[in-house]
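Note sheet for the following structure.
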Amino acid sequence: MENKAQQPITLSLYNRFSLHRSIDWTGAFWLASGVPALVLFSMGAIAATVGKPAWLIWIVSIFIGLIQAFTYAEIAGLFPHKTGGISVHSSVAWANYSKWIAALCIWCNWVAWGPVLAIGSALAAGYILNVTYPPDAVINTWQITLLDLSFLKAGLCLRINAVFIIGAVLMVLVFAIQNGGILRSAKAMMIIGLSGLAPLMLIAIVPLITGDLAMGNFYPLAPLAYDTDGYVVPGVWDIKGWSLVAGALFIAAWSTYGFETAVCYTREFKDPSRDTYRAILYSGLLCLFAFVLIPFTFQGHMGLGQMIEPQHFNAAGEVIQPAQYDGMLAADIYSGMGIANALYGILGNSGIMVDMFVVMLVLALMLSIMTTMSGSSRTLYQGSIDGLLPKYLSQVNQHGAPTSAMWTNLIVNLMLLSLSDYVFLLAASCVSYIIFNFLTLNAGWIHRIDRPNWKRSYRTPKVLFIAGIAMAFLNITFMALGANIWGGGTLMSGLILASLSIPLFCWRHYLIDKGQLPSSMQEDIQAGNTTETSRKAGRWPYLVLLFSVLLVGGIHFLVS
């Protein structure tokens, strides 16, 4: 059978300008090299929430990610004329059975990755402020509150402060670099990557050489708990304890699975059949090193921590000031803003080295922002080309950069940057990431059934392929069981964000395109059949979706 989707697509299907085939797998590797820095986003929150099992959470999570990567690598090579990553390729599988689900897959991928710009910029701004000014300086304490969102989580609001202003400047700088096209972005990220990854590698390696790790900081493997006075005690493995672990694995997935972004650039590879699977596998090896060792050495150095100041009550018995802790339980470790101070403490806390270390950590965060800007904008672009997202997102500038999608990323993230709790934002967006992950791993077997004879540059071994499907259901179990440990409205907020794909798809598909998908997308869906759409998987995709909804709903009901 001729694989029609493997044939070049004419430029007429796109705008006047198109993406350029100008990089190989090494370029994609550097574009994805910002993923290890994502450990900085949630390492503190996971440690401060689950306690001593935190180091093991990261090991389990990255190995789940590696198992899934084999399925991702197979899917990524099916449509070399498409950019935007595996959510785009997976949407073709689901579009055969439901165009709504196809749009959901792409949208959830973008919703999951989009907030990296806001969170990464905020953390970088926080690192700069913390090393430049004392914590009680006016520049660190002033803010203008725009909107109270405490109905979602206590203390949550939209505000303007110094973190917002500095973060916005960093975000605009990344936009300017990315607007010059994929080749310039890859070169810039190689230079930044060599500088930004250096401190992460030092953190991972130096304590292992010096032996500056206390084994008592890793054991016993009991979930975090507190007694009635607020002192830390070992927890028990009841439903509450397992919910903490599930919630930690749920939010760790947002970081550890992220190297799949290496295949967002298939349309820009010089040799897609060779470059695609190499990009994701080598990126996965880099992430394996980072996500196993960095949290391990961080925890070994910091320790769990103890209460340093008890909580204070008012006359009515209400808490007016929560208890204060040191170590991994410190408030600035949970928020992520104190991670830089903690990490350079591992290397000595000496004079000019502190400043140099913070600069390199800021570069590491800039790397993650650039990785996300590149990948997520191309996901929006291809979703528009395929008729699943608004049409304006398919505009490309003369450098081959999807400029309208990039502007959308920038504007949305400037709004997200004003949120007061970035951990809540991360957790809410992670709901979309788990949905995207579930749809993508199941798209693997749908593609095999509907396109059995298509050329695959890489074919996943059967055992790993089945394991990948099992991981899809395991991930939604983590979400149902543990999402709300990050705030009572986390799961609902995430589902609402995901559901926004429905009005966007309806607007594009029914109002703009009058119920017809673009001819290029229709050819991909038909899987080489010129007479009828191939739906060889029958009812199984629908049954899988139904079972997943019942599984999530049932587990969430039991927990709540």
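This one's a predicted model, so the numbers in the text were calculated from it and none came from an experiment. Positions are given from 1 along the sequence.
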Item to complete: Start with the C-alpha gap between Ile62 and Phe289, add the side-chain angles, then the distance that decides, and say whether side chain to side chain contact (heavy atoms under 4.5 Å, CB included) holds.
Response: CA-CA 9 Å; Ile62 186 58; Phe289 176 85; over 6 Å; no
Item to complete: Mind running side chain to side chain contact (heavy atoms under 4.5 Å, CB included) on Asp386 and Val88 for me, showing each step along the way?
Response: CA-CA 9 Å; Asp386 290 343; Val88 170; 3.8 Å; yes
Item to complete: Would you please test Arg459 and Arg448 for side chain to side chain contact (heavy atoms under 4.5 Å, CB included) and show each step?
Response: CA-CA 10 Å; Arg459 190 174 185 89; Arg448 281 200 178 184; 3.6 Å; yes
Discussion item. Before you tell me yes or no, could you show the steps for Leu495 and Ile435 under side chain to side chain contact (heavy atoms under 4.5 Å, CB included), namely the whole-Å CA-CA distance, both residues' side-chain angles and the distance that decides it to 0.1 Å?
Written reply: CA-CA 9 Å; Leu495 293 176; Ile435 294 173; 4.2 Å; yes
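A distance of 6.0 Å or more separates the ring centres of Phe41 and Tyr422.
Not one N or O on the side chain of Arg378 forms a donor-acceptor pair closer than 3.5 Å with the backbone of Pro402. A donor-acceptor distance shorter than 3.5 angstrom exists from the side chain of Ser255 to the backbone of Leu38, with no hydrogens or angles considered. Within the 3.5 Å criterion, the main-chain N or O of Ala428 finds no donor-acceptor partner in the side chain of Thr490. A donor-acceptor contact shorter than 3.5 Å is absent between the side chain of Trp507 and the backbone of Pro390.
Side-chain contact check for His509 versus Leu388: every heavy-atom pair is 4.5 Å or farther apart. Phe438 has its side chain within reach of Val544: a pair of non-hydrogen atoms, C-beta onward, lies under 4.5 Å apart. Between Trp454 and Phe79, some side-chain heavy-atom pair lies under the 4.5 Å cut-off. Between Phe291 and Ser61 the shortest side-chain heavy-atom distance does not fall below 4.5 Å. Contact of the Val396 side chain with the Thr403 side chain is not registered, since no non-hydrogen atoms from C-beta on lie closer than 4.5 Å. A heavy-atom distance below 4.5 Å is found between the side chains of Ser418 and Leu158. By the 4.5 Å heavy-atom criterion applied to side chains, Asn413 and Phe175 are not counted as neighbours. Residues Ile502 and Cys506 form a side-chain contact, since some pair of their non-hydrogen atoms from C-beta on lies under 4.5 Å apart.
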Could you go through residues 110-120 and list every donor-acceptor pair under 3.5 Å that involves a side-chain atom there, pairing it with any protein atom two or more places apart or in another chain?
from, atom 1, to, atom 2, distance (Å)
Trp110, NE1, Asn409, OD1, 2.6
Trp113, NE1, Glu260, OE2, 3.0

Residues 100-108, side-chain donor-acceptor partners within the protein, below 3.5 Å, at least two apart:
from, atom 1, to, atom 2, distance (Å)
Trp107, NE1, Leu497, O, 2.8

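The nearest pair of heavy atoms linking Cys287 to Phe259 is SG-CB, 3.7 Å. Here the shortest heavy-atom pairing between Thr379 and Ser87 reads CG2-OG, 3.7 Å. Closest approach of Met521 to Ala95, counting heavy atoms only: CE-CB, 4.1 Å. Taking both residues in full, the closest heavy atoms of Ser90 and His447 are given as CA-NE2, 4.3 Å, listed atom of the first, atom of the second, then distance.
Atoms CD and OG, on Gln382 and Ser377 in that order, are 12.0 Å from each other to the nearest 0.5 Å. Atom-to-atom distance recorded for Ile469:CD1 and Trp445:CH2 is 7.5 Å, nearest 0.5 angstrom. Distance OG1/Thr256 to CD1/Ile59: 12.0 Å, rounded to 0.5 Å. Between the OG atom in Ser520 and the CD1 atom in Ile385 there is a gap of 7.0 Å [rounded to 0.5 Å]. Atom CG of Leu416 and atom CD1 of Ile411 lie 12.0 Å apart (nearest 0.5 Å).
With sequence neighbours excluded, the residues forming a side-chain contact (heavy atoms from CB on, under 4.5 Å) with Leu414 are Ala168, Met171, Leu410, listed by chain and number.
Sorted by first then second residue, the side chain to side chain donor-acceptor pair (under 3.5 Å) pairs that include residues 460-471, not counting sequence neighbours, are Glu74-Thr460. Note on residues 464-484: pairs passing side chain to side chain donor-acceptor pair (under 3.5 Å), not counting sequence neighbours, are Gln68-Asn475, Tyr257-Asn475, Asn437-Asn475. Pairs engaging residues 428-440 under the salt bridge (charged side-chain N to carboxylate O under 4.0 Å, His left out) rule: none recorded [sequence neighbours left out].
Counting non-hydrogen atoms of neighbouring residues, nucleotides and ligands closer than 6.0 angstrom, the CZ atom of Phe63 reaches no more than 12 such neighbours.
Side-chain contact check for Thr408 and Tyr392: at least one donor-acceptor pair (N or O, by modelled atom type) lies under 3.5 Å.
Under the side chain to side chain contact (heavy atoms under 4.5 Å, CB included) rule, Leu545 has a single partner from Trp94, Trp540, Tyr97, which is Trp94.
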